[in-house]
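Keep in mind the model is a prediction, meaning the values are calculated, not measured.
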Number of protein chains: 2
Amino acid sequence: MTAIKESSTRNFNKGVALTSCPVTFVMEKIGGYWKPIIIYHLMSGPKRYSELKRAIPQITEKMLIQHLKQLQADDIVNRVAQAVVPPVVTYSLTKPGEDLFTVLDSMVDWAVKNGSV
Amino acid sequence: MTAIKESSTRNFNKGVALTSCPVTFVMEKIGGYWKPIIIYHLMSGPKRYSELKRAIPQITEKMLIQHLKQLQADDIVNRVAQAVVPPVVTYSLTKPGEDLFTVLDSMVDWAVKNGSV
DNA sequence: ATGGTTACATACTTTGGGGTAAGTACTTGT
DNA sequence: ACAAGTACTTACCCCAAAGTATGTAACCAT
């Protein structure tokens, strides 16, 4: 076990840059491979866990819940579980989550204008 | 050396999802920790390599040129070098690069509304 | 001739995101 | 009795991104 240097750039960034740069703040929330894809699928309405899984066949279950939990912690998605068997868990976008539409939309705009698809 | 499975999700994604999802397309260009920060600093006008370095003290030189080269390859920044000594290299945003303002701006909007800063 | 400046390059290491595979709890259908 | 469905959990592995550290070429000023 090698101790991590207290003065490392990594540590410095964690404390300063991450919270002070709004763009990085957003990247923290919707960055990564799967998050925008999950959010996109929730934009067409609330979905069950299994519906999301079927909608995004390439994602592994681990990645799916992992990101759903993170999005939940970031107040981007809501989780509603019914105490029945088999379990029924529904995910939906929160208000902040829905507001991300503007962001994703501007991204799509740019992508379309600049050679994607 | 273990061979990578041809059918792995990783490979599948490289070929399909990356190019077919416009949001992921944008993430490929401006995702990562430093890229948006570099782009942000270029939005206030062309900058020399050394000016960027001073403007972003926490970045290492390796990260700086690495991302500048990538942004160049993605046609987001221009590089103009003067054949003098000591070298003078100026980086500026291309048209697509400037168009990212809309995207970054919507991110900042969202961040401000949702608890950043 | 030595140090400073500028814009890189390169070898090595660490870290975290993502992938694979397998297991769990509970109940219904056959 | 056993497979199947639902919503997870867990252990383990791999690789790419990021960080650390050092070197280089060219010239100028002292």
Side-chain angles (χ1 to χ4, degrees), chain A residues 1-14 17-18 24 27-38 46-72 77 79-91, chain B residues 1-14 17-18 24 27-38 46-72 77 79-91:
Chain A
M1 173 168 92
T2 338
I4 185 168
K5 276 185 251 168
E6 199 53 45
S7 63
S8 85
T9 312
R10 211 184 309 266
N11 282 341
F12 182 75
N13 290 338
K14 288 262 163 62
L18 283 188
T24 300
M27 289 298 191
E28 288 282 301
K29 307 287 180 181
I30 64 168
Y33 192 86
W34 297 109
K35 278 188 203 162
I37 298 176
I38 295 171
K47 298 264 183 314
R48 291 184 61 178
Y49 174 85
S50 51
E51 287 181 295
L52 283 172
K53 213 188 122 35
R54 272 191 298 272
I56 315 169
Q58 301 87 25
I59 202 173
T60 62
E61 299 201 35
K62 180 197 164 193
M63 282 295 105
L64 185 53
I65 22 120
Q66 186 175 301
H67 285 124
L68 282 171
K69 297 224 173 239
Q70 188 59 53
L71 290 168
Q72 222 189 309
V77 308
R79 193 190 99 114
V80 178
Q82 297 174 44
V84 296
V85 165
V88 174
V89 180
T90 309
Y91 292 93
Chain B
M1 172 169 90
T2 338
I4 187 167
K5 276 187 249 169
E6 199 54 46
S7 63
S8 86
T9 312
R10 210 184 310 266
N11 283 339
F12 182 75
N13 290 339
K14 289 264 163 65
L18 283 189
T24 300
M27 290 297 190
E28 288 281 302
K29 308 287 181 180
I30 64 167
Y33 191 87
W34 298 108
K35 278 188 205 162
I37 299 176
I38 295 171
K47 298 264 183 314
R48 289 184 64 177
Y49 175 84
S50 51
E51 286 181 296
L52 284 171
K53 211 185 125 34
R54 272 190 298 271
I56 315 169
Q58 302 86 24
I59 203 173
T60 61
E61 298 202 38
K62 182 197 163 193
M63 284 294 105
L64 184 53
I65 22 120
Q66 186 174 304
H67 286 125
L68 282 172
K69 298 228 171 232
Q70 188 59 55
L71 290 168
Q72 221 189 310
V77 308
R79 194 190 98 115
V80 178
Q82 296 175 44
V84 295
V85 165
V88 174
V89 179
T90 309
Y91 292 92

(message) Can you see if the side chain of B/His67 gets near the phosphate of D/dA18 - specifically, an N or O under 4.0 Å from OP1 or OP2?
(response) yes
(message) Would you say A/Trp34 places a side-chain N or O within less than 4.0 Å of OP1 or OP2 belonging to C/dG19?
(response) yes
Would you mind reading off the distance between [X] atom [atom1] and [N] atom [atom2], rounded to a whole angstrom?
X	N	atom1	atom2	result
B/Gln66	C/dA11	CD	C1'	14 Å
A/Gln82	D/dC8	CD	P	12 Å
B/Leu64	D/dT20	CG	C1'	16 Å
A/Tyr33	D/dC15	OH	P	18 Å
B/Met27	D/dA17	CE	P	16 Å
B/Ile37	D/dA18	CD1	P	11 Å

(request) List the protein contact pattern of nucleotides 3-10 of chain C with one symbol per nucleotide (5' to 3'): B for base contact, S for sugar-phosphate-only contact, - for none; contact means a heavy-atom distance under 4.0 Å. (result) --BBBBSB
(request) Would you check if A/Arg79 and A/Leu68 make a side-chain contact, meaning some heavy-atom pair closer than 4.5 Å? (result) no
(message) Nearest 0.5 Å, please: how far is CE in A/Met63 from CD in A/Gln66?
(response) 4.0 Å
(request) Could you grab the distance from atom CD of A/Gln82 to atom CZ of A/Arg48, nearest 0.5 Å is fine? (result) 8.0 Å
(request) Please list, chain by chain and in numerical order, all residues satisfying side chain to side chain contact (heavy atoms under 4.5 Å, CB included) with B/Ile56, sequence neighbours excluded. (result) B/Trp34, B/Ile37, B/Ile38, B/His41, B/Gln58, B/Ile59
(message) Please compare A/Val85 and A/Met63 by the position of their nearest nucleotide in DNA chain C and report the one closer to 5'.
(response)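 The residue mapped nearer the 5' terminus is A/Met63.
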(message) When you measure from the side chain of B/Lys29 to the backbone of B/Lys35, do you find a donor-acceptor pair of N or O atoms at a distance under 3.5 Å?
(response)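 Answer holds: no.
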(request) Using distance alone, with no hydrogens and no angle criterion, decide if A/Tyr49 and A/Glu61 have a side-chain donor and acceptor under 3.5 Å apart. (result)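 On atom types as modelled, these side chains qualify, holding a pair under 3.5 Å.
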